[in-house]
Amino acid sequence: MAMAMAVVSFPSLLNKSTLSSSLFTPTFLPAKSSSLLIKSSPKTRFVVSSSMEAGIGVMGSKLGMMSFFEEDGTVVPVTVVGFREGNIVTQIKTLATDGYDAVQIGYRRVRDKKLTKPETGHLQKAGTIPMRHLQEFRLTNIEGFEPNQKLVFDEIFKEGDLVDVAGTTIGKGFQGGIKRHHFKRGQMTHGSKSHRALGSIGAGTTPGRVYKGKKMPGRMGGTRTKIRKLKIVKVDKELNVVMIKGALPGKPGNLLRITPAKIVGVNIPKN
């Protein structure tokens, strides 16, 4: 339920994809601060934490898409996101107790019997209602947050703000190369017997194998993805919904994680 913390001994062990998608902050901590740390020297331990959010975020449920007409008559495709019971602070994690600073948020109320005893005890300790989803938001400053504090969307975001929305895409099952990777098909006439087949996947005797990462048929969708820098078009307090420009991951009813967009030089450092 809690987000995993990426901990390694040296930054050189991280691949390029991890470095490009995360903001790493090296920190030296005492040996007693966390049991997950790996020793880099007899006296100190070097920690590389995972990416931090630009600010506190919330969770919501995707309701569907519609057209929104602006004041000048421009039609904007928007996705409507609704909010059920929840978005309540369930735990405050600090550098001294957990090795990093984060705020855990709960969302979507459920019956008690839908949760396990450890989950129920964890929420009872914070004094909150039973909730299905728990997610962490790692922040640089956790001051001003306390357990059982309710987060309201219109108090955190305003119309015109840019947000990052993460969710699980629609699973499409096992698909071929044309649908999955937008390959071109073969000729349908003139005696061709290769219409939607993948074709050659290797170079022959040399290297005598298929390279890793080759685009081939396989399972499509059903993965975690994030769409960045989407504009908030409308915040409706009466209906308790928000309209975000563009398409969001998943089908109606899908859980979405909405956080402030990361803008280099504005809310995250250039390095």
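Note that the numbering runs from 1 along the sequence shown for the chain.
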Looking at side-chain heavy atoms only, is the closest gap between [X] and [Y] below 4.5 Å?
X	Y	value
Arg209	Tyr211	yes
Ile232	Phe153	yes
Thr223	Thr168	no
Lys251	Lys62	no
Ile92	Pro147	yes
Arg132	Leu255	no

Side-chain donor/acceptor pairs under 3.5 Å, residues 64-84, sequence neighbours excluded:
residue : atom : partner : partner atom : Å
Asp72   : OD1  : Thr74   : N            : 3.2
Asp72   : OD1  : Thr74   : OG1          : 3.1
Asp72   : OD2  : Thr74   : OG1          : 3.2
Thr79   : OG1  : Gly246  : O            : 2.6

Rounded to the nearest 0.5 Å, how far does [atom2] of [Y] lie from [atom1] of [X]?
X	Y	atom1	atom2	value
Gln124	Lys117	CD	NZ	11.5 Å
Leu134	Leu123	CG	CG	5.5 Å
Phe137	Gln104	CZ	CD	10.5 Å
Met59	Thr259	CE	OG1	12.0 Å
Asp101	Leu139	CG	CG	8.5 Å

Verify the cluster assignment for [X] and [Y]: are they in a single hydrophobic cluster under the rule of side-chain heavy atoms below 4.5 Å apart?
X	Y	answer
Leu63	Leu230	no
Val235	Val152	no
Val241	Val163	no
Val233	Leu239	yes
Leu256	Ile227	yes

Practice problem: Can you spot which of Lys231, Lys245, Arg228 makes a side chain to side chain contact (heavy atoms under 4.5 Å, CB included) with Leu162? | Solution: Lys231
Quiz item: Does any pair with a residue in residues 173-182 pass side-chain hydrogen bond (donor to acceptor under 3.5 Å, both in side chains), and if so which ones, sequence neighbours excluded?
Solution: none
Practice problem: For the pair Ile88 and Asn148, evaluate side-chain contact (heavy atoms from CB on, under 4.5 Å) and give the outcome as yes or no after the intermediate values. | Solution: CA-CA 6 Å; Ile88 301 175; Asn148 204 16; 3.7 Å; yes
Please set out all donor-acceptor pairs under 3.5 angstrom arising from side-chain atoms of residues 186-201, sequence neighbours excluded.
residue : atom : partner : partner atom : Å
Ser192  : OG   : Gln187  : O            : 3.1
Ser192  : OG   : Ser194  : N            : 3.4
Ser192  : OG   : Ser194  : O            : 3.4
His195  : ND1  : Gln187  : O            : 3.0
Ser200  : OG   : Gly202  : O            : 3.0

Quiz item: For Met131 and Arg108, what are the C-alpha separation, side-chain angles and deciding distance, and is it a side-chain contact (heavy atoms from CB on, under 4.5 Å)?
Solution: CA-CA 5 Å; Met131 290 175 288; Arg108 191 176 178 183; 5.9 Å; no
Practice problem: Answer yes or no for Arg257 and Tyr107: cation-pi contact, defined as NZ/CZ to six-membered ring centre under 6.0 Å and angle to ring axis within 45°. | Solution: no
